[in-house]
Amino acid sequence: MSTHADLGMELGARVAAALRTGLDVRVDPVDTLIRPSTRDGVDYQCNIAMSLAKKLGRPPREVATALVEALDAADMVAETEIAGPGFVNFVLRDDWLAERVAELLGDPRAGVPVTDAPRRFALDYSSPNVAKTMHVGNMRSTVIGDALHRLLAFAGHEVLPHNHLGDWGTPFGMLIEHMLDSGLDGSITDLNAFYQQARAKFDADEAFATRSRDRVVKLQAGDEQTRQLWQRLVDESARHFQAVYDLLGIRLTQANIYGESFYNPYLGEVVDELTELGLTEVSDGAVCVFPPGFTGREGQRLPLIVRKSDGGYGYAATDLATARYWTRERDVTDLLYVVGSPQAQHFQMVFAVCTQAGYLTDKHRAEHIAFGSVLGADGKMMRTRAGESVALIGLLEEAVARAAKVIEERSELAEADRAAVARAVGIGAVKYADLAGDRLKDYVFTWEKMLAKDGNTSVYLQYAIARIRSVLRKAGETVQPGTAVRLGEPAERALAVKLLQLPAAIDAAVAEYAPHKLCGYLFETASAFTGFYENCPILASSTPDDVRGSRLALAALTADVLVLGLSLLGIDAPERL
RNA sequence: GCCCUCGUAGCUCAGCGGAUAGAGCAGGAGCCUUCUAAGCUCUUGGCCGCAGGUUCGAGUCCUGCCGAGGGCGCCA
């Protein structure tokens with residue numbers, strides 16, 4: 001019999017079979033309302049009897065009884081109990097759990113299946129602006145997007161990441177004019193200062209502003225000199241972005257850059273297509289689409305402006321062309337946009353127009369993966385004292401420096417290893433703090449919290465891993481596949497159940513694009529491990545050989561699960577702390 | 001004015017229509033001749049913003065209020 005590595009799925013399959021044979025009801029195994037139980041001594045519960053009762057016209061406890069009587073799960077379930085209004089509680093067999101855990105030994109996927117319905121994702125993330133240094137505002141898209149990249153790929157989907165650089169549009173007119181004004185030789189050392197100077201001139205000098213607007217038109221028309229100047233800006237910026245990605249451990253490379261400029265050749269076609277379909281109207285000189293159902297301040301229809309009155313294109317046109325490109329040219333099934341939640345309405349409108357235009361069909365799924373803001377300790381948008389956005393590179397360097405200080409105080413690491421560990425701990429802390437909460441909510445950035453050794457932090461997980469590896473080193477033996485696992489102590493059993501829930505955790509994180517579900521699971525698993533570590537001596541001379549082998553296996557598997565989980569979040573786990 | 005998101009312990013946050021709403025921090029009491037104390041155990045602490053509704057069952061779904069943040073034609 002083939003069994004699901006995931007406990008809930010396996011129970012669901014058994015319950016579905018019992019409902020079929022015992023009650024002649026067909027329910028999909030995933031809809032059997034199997035949940036891990038919070039009751040003491042109960043592993044899982046099934047809540048389906050209550051919901052079936054009305055449909056069948058029978059009392060829920062009677063339905064539950066029929067379910068239990070028809071259940072063919074003696075190999076797996078030690079005990080069933082009907083409780084309350086019709087809950088069915090399951091206690092799993094220790095030997096069955098032990099066998100399932102033992103099967104994970106040597107499995108690089110730790111029991112996580114590859115999806116049987118692979119899809120092709122276009123994943124838009126990071127997307128910083130050229131000619132600006134990356135700041136905290138770019139961090140969440142980068143970190144969350146990268147975690148989703150890893151999670152989706154691990155689940156067996158094809159992921160086409162693209163970095164939608166802000167490398168086009170109105171600001172480039174003023175940036176290029178400013179380049180010309182300040183002489184063409186020499187490289188730009190400070191991107192932010194350069195941008196701000198250009199901005200200041202644009203706001204103060206009407207003639208400059210006009211030149212800038214004209215320059216945008218030249219750029220979009222493909223003027224050769226303009227194009228070269230523009231390329232210089234892009235190249236300088238891309239080098240800066242790559243430095244941040246390298247420090248952060250982000251998978252994006254130059255090959256993933258599909259900036260706004262990439263879609264420029266398609267913008268005219270998009271407008272033509274929309275016009276041919278009769279979707280456009282000219283309003284105040286601008287070509288607009290008014291998707292149904294969107295209204296603005298005075299109840300008037302809201303436009304998506306696809307071509308501005310000056311003939312230029314805005315980001316709406318680019319976003320339409322982007323969806324068109326990835327669905328038509330790259331044949332993706334899914335479009336994900338990891339972009340802050342203020343853009344929610346914009347994406348709703350873009351998706352609506354894409355559907356009207358046929359760029360998105362019922363074969364496609366497009367989703368705005370929205371996220372909240374990073375707040376300072378004062379609960380407001382994180383800013384420097386001068387009110388500017390905080391440079392990301394400086395923030396990351398501070399994280400590494402703070403981690404290094406803790407290591408200096410506490411660790412017995414060799415001098416040579418400290419820098420690498422400080423980087424893993426510091427960067428991991430920043431990323432984990434960004435991933436550990438529901439992405440839709442704002443979160444408060446506090447060093448103390450993210451570098452805390454207790455609680456749901458990356459440091460806690462890395463510490464648990466380091467302890468396990470220390471034990472494994474001291475054991476002086478490698479755990480072999482086929483090692484017998486025995487679950488005598490409650491702490492051993494609790495850990496085993498947790499280890500077997502990795503597939504469910506990853507499935508939830510992938511299905512809902514919710515990395516924090518994986519974070520929560522990893523924290524629970526590390527907590528279960530510490531309980532085991534405290535109560536179940538592994539290497540003590542009083543521990544019998546077979547128990548020692550079993551405990552080493554549990555410890556090794558815990559490390560595998562935690563390391564795998566962290567890797568899917570883009571976080572490293574040092575050998576020692 | 002309309003639209004979107006959020007409101008759970010003093011603080012930071014989990015919570016999948018299911019039973020007595022969970023963690024961590026902070027507060028209180030303990031635990032290092034023993035595998036990393038960057039750890040663990042025990043403990044105090046809740047009108048789940050308010051009011052209705054749907055449901056056998058609502059922190060979770062729906063409606064309306066209140067509060068916070070964000071968005072609402074040529075920036076992206």
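So you know, we letter chains A, B, ... as the sequences are listed, proteins then strands, and number each from 1. Only a predicted model underlies this, so the values are computations on that prediction, with no experimental measurement involved.
With no hydrogens or angles considered, a side-chain donor-acceptor pair links A:T280 and A:T275 at under 3.5 Å. Inspection of the A:D319 and A:H346 side chains reveals an N or O donor paired with an N or O acceptor under 3.5 Å.
Using a 4.0 Å cut-off, some side-chain N or O of A:K441 falls inside it from OP1 or OP2 of B:A14. OP1 or OP2 of B:C40 lies within a sub-4.0 Å distance of a side-chain N or O belonging to A:T530.
Screening A:F262, A:Y125, A:Y258, A:Y263 against A:H164 for a ring-ring contact (aromatic ring centres under 6.0 Å, His included) leaves a single residue, A:Y263. Here the options are A:V88, A:D31, A:L19, the test is side-chain contact (heavy atoms from CB on, under 4.5 Å), and the partner is A:I48; only A:L19 passes.
As a whole-Å value, the separation of A:I407 CD1 from B:U36 C1' is 14 Å. If you take CG of A:D454 and P of B:A37, they are 13 Å apart, rounded to a whole angstrom. A straight line from CZ of A:R39 to C1' of B:U20 spans 7 Å, rounded to a whole angstrom. The interatomic distance linking A:E448 (CD) with B:A38 (P) rounds to 19 Å, in whole Å. In this structure, A:K453 atom NZ and B:G24 atom P are separated by 16 Å, rounded to whole Å. For the pair A:E524 CD and B:A23 P, the interatomic distance rounds to 10 Å; values are reported in whole Å. Here the C1' atom of nucleotide B:C72 and the CZ atom of A:R297 are 6 Å apart, to the nearest Å. Remark: P of B:A23 and NZ of A:K449 are 16 Å apart, rounded to the nearest angstrom.
Using cut-offs of 30° and 60° on the angle between ring planes, the pair A:W447 and A:F445 is perpendicular.
Picking from B:A14, B:C6, B:G18 the nucleotide with the shortest atom distance to the side chain of A:L440 gives B:C6. Considering only side-chain atoms of A:K517, the nucleotide from B:A19, B:C2, B:C16 that sits closest is B:C16.
In the interface, the side chain of A:D442 is not paired with the base of B:A68 through any donor and acceptor atom under 3.5 Å apart. Within 3.5 Å, no donor on the side chain of A:E409 pairs with an acceptor on the base of B:A38, nor the reverse. No hydrogens or angles were tested; on distance alone, a donor-acceptor pair under 3.5 Å links the side chain of A:R35 to the base of B:C16.
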(request) Could you walk me through whether A:F351 and A:Y337 pass ring pair (Phe, Tyr, Trp, His ring centres under 6.0 Å), step by step? (result) CA-CA 11 Å; A:F351 296 158; A:Y337 299 83; 5.7 Å; yes
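Nucleic acid contact class of A:T446 (heavy atoms, under 4.0 Å, all strands): none. Within the 4.0 angstrom heavy-atom criterion, no nucleotide atom of any strand lies near A:H346.
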(request) Can you run through RNA chain B from 5' to 3' and write each base as (, ), [, ], | or . depending on how it pairs? Watson-Crick or G-U wobble, both distances under 3.5 Å. (result) (((((((..((((....[...)))).(((((.......))))).....(((((..]....))))))))))))....
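In this structure, A:V42 and A:F90 approach most closely via the heavy-atom pair CG1-O, 3.6 Å.
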